[in-house]
Amino acid sequence: LPHVEANPHKPARRQKYFKVMEALDISSFVNVNTTYEELLTLRQRLDHPDLGIFEDKIRLRRELLPAAGVLATPSIHLSNDDFDIIRFLHGRKNYVVKPSHMSESQNVFVVQDGRNLLRMAWGHPSEVYLEEIQDAVKGFSKKTALEWECRALVSSKPGVIVEELVLATKAHAPGKYLVDE
């Protein structure tokens, strides 16, 4: 195979058709020699206040998705201040509760027919205890994302989302569902 030397002074090609949000324009930091590892490292260090819209799930739903004409999963409760969520769960058999400012499925409760699907997937009993969910919400309301996460996520204001349960079915396995929390 022929070896082709890249020009280290040649910047990344800018898209002609879309205006790139200033916070997302990393063209001055990358070139044709930028490795994937360098790109990920750069992404982790980006610290523009506008980037929170991509990491904070409440801001994403309230600001970005409507502006893009995209419907979010129907929300029951979204808040960065009101973490008393148990009143929204009483009488419901299907819902999702999750932090708006964390990732890695931390403190996520996916409940279908009164059973905790994530707990079942991990081989644990499927019982749902509303007090346990409420305690988890109060706990994560005082925490940030993990320190190794990107700065935009770590700096997101704590929040809670209670939403309708929406499951996708597997095309090749009718009756099997995909959970995307």
Side-chain angles (χ1 to χ4, degrees), residues 15 18-30 36-90 92 94-112 116-119 121-122 128 130-168 177-181:
Q15 175 57 262
F18 300 101
K19 183 176 182 340
V20 176
M21 184 180 189
E22 179 186 337
L24 294 176
D25 185 0
I26 60 171
S27 60
S28 62
F29 301 105
V30 297
Y36 184 64
E37 180 181 358
E38 290 168 335
L39 183 64
L40 290 179
T41 301
L42 171 64
R43 179 189 174 273
Q44 293 296 99
R45 293 181 180 159
L46 293 176
D47 197 20
H48 194 287
D50 290 347
L51 294 176
I53 197 169
F54 298 101
E55 299 294 345
D56 178 330
K57 296 172 191 78
I58 292 175
R59 286 191 63 202
L60 179 83
R61 288 167 184 243
R62 289 184 174 158
E63 299 171 42
L64 185 61
L65 295 181
V70 176
L71 296 175
T73 301
S75 302
I76 298 166
H77 178 69
L78 302 172
S79 183
N80 296 106
D81 303 309
D82 180 6
F83 294 93
D84 182 19
I85 54 95
I86 205 164
R87 69 187 186 272
F88 299 106
L89 307 181
H90 282 296
R92 291 187 185 273
N94 302 299
Y95 55 86
V96 176
V97 177
K98 60 187 173 185
S100 65
H101 62 292
M102 297 176 132
S103 64
E104 308 295 331
S105 297
Q106 293 178 318
N107 298 295
V108 175
F109 298 85
V110 179
V111 178
Q112 180 184 39
N116 185 327
L117 297 183
L118 289 181
R119 187 176 281 159
W122 295 326
V128 173
L130 297 184
E131 294 78 18
E132 175 189 3
I133 297 173
Q134 182 63 70
D135 288 345
V137 170
K138 286 184 179 176
F140 71 62
S141 73
K142 298 171 179 69
K143 295 181 180 176
T144 65
L146 300 170
E147 66 180 45
W148 52 265
E149 301 274 10
C150 68
R151 288 184 183 172
L153 182 59
V154 173
S155 65
S156 292
K157 184 176 180 183
V160 63
I161 296 174
V162 181
E163 65 187 9
E164 298 288 338
L165 175 65
V166 176
L167 297 173
Y177 297 98
L178 300 171
V179 175
D180 182 17
E181 75 329 299

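Throughout, numbering of the chain's residues begins at 1 and tracks the sequence.
Residues Leu60 and Ser100 have side chains not in contact (no heavy-atom distance under 4.5 Å, counting atoms from C-beta outward). The closest side-chain heavy-atom distance from Leu89 to Tyr95 is below 4.5 Å. The shortest side-chain heavy-atom distance between Val111 and Leu165 does not fall under the 4.5 Å cut-off. A heavy-atom distance below 4.5 Å is found between the side chains of Ile58 and Ile161. No side-chain heavy atom of Lys157 sits less than 4.5 Å from a side-chain heavy atom of Arg59.
Taking each heavy atom of Lys138 and Lys142 in turn, the nearest pair found is O-NZ, 3.4 Å. In this structure, Ser75 and Arg61 approach most closely via the heavy-atom pair OG-NH1, 3.0 Å. Here the closest non-hydrogen pair linking Val108 and Pro99 is CG2-CD, 4.3 Å. When all heavy atoms are compared, the tightest approach of Pro158 to Lys143 is CG-O, 3.7 Å. Here the closest heavy-atom approach between residue Ala136 and residue Asn107 is recorded as CB-OD1, 3.9 Å.
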Could you give me the CA-CA distance, side-chain angles and deciding distance for Ser141 and Val160, then say whether side chain to side chain contact (heavy atoms under 4.5 Å, CB included) is met?
CA-CA 8 Å; Ser141 73; Val160 63; over 6 Å; no
Evaluate the salt bridge (charged side-chain N to carboxylate O under 4.0 Å, His left out) criterion for residues Glu164 and Arg92: first the C-alpha distance (whole Å), next the side-chain angles of each, then the deciding distance (0.1 Å), finally the verdict.
CA-CA 10 Å; Glu164 298 288 338; Arg92 291 187 185 273; 3.7 Å; yes
Please assess Ile133 against Ile86 for the test side chain to side chain contact (heavy atoms under 4.5 Å, CB included), listing each intermediate value before the final yes or no.
CA-CA 8 Å; Ile133 297 173; Ile86 205 164; over 6 Å; no
Check the pair Ile85 / Ile76 against side chain to side chain contact (heavy atoms under 4.5 Å, CB included), numbers first and verdict last.
CA-CA 10 Å; Ile85 54 95; Ile76 298 166; over 6 Å; no
Step by step, work out the side chain to side chain contact (heavy atoms under 4.5 Å, CB included) result for Thr73 and Val96.
CA-CA 10 Å; Thr73 301; Val96 176; over 6 Å; no
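By the 4.0 Å N-to-carboxylate-O rule, Arg119 lies close enough to Glu132 to be salt-bridged with it.
Of the inter-residue distances, the one linking Phe140 atom CZ with Asp135 atom CG reads 11.5 Å to the nearest 0.5 angstrom.
Ring geometry, His77 versus Phe88: the interplanar angle falls under 30°, so the pair is classed parallel (tilted spans 30 to 60°).
One N or O on the side chain of Arg62 and one on the backbone of Leu78 form a donor-acceptor pair closer than 3.5 Å.
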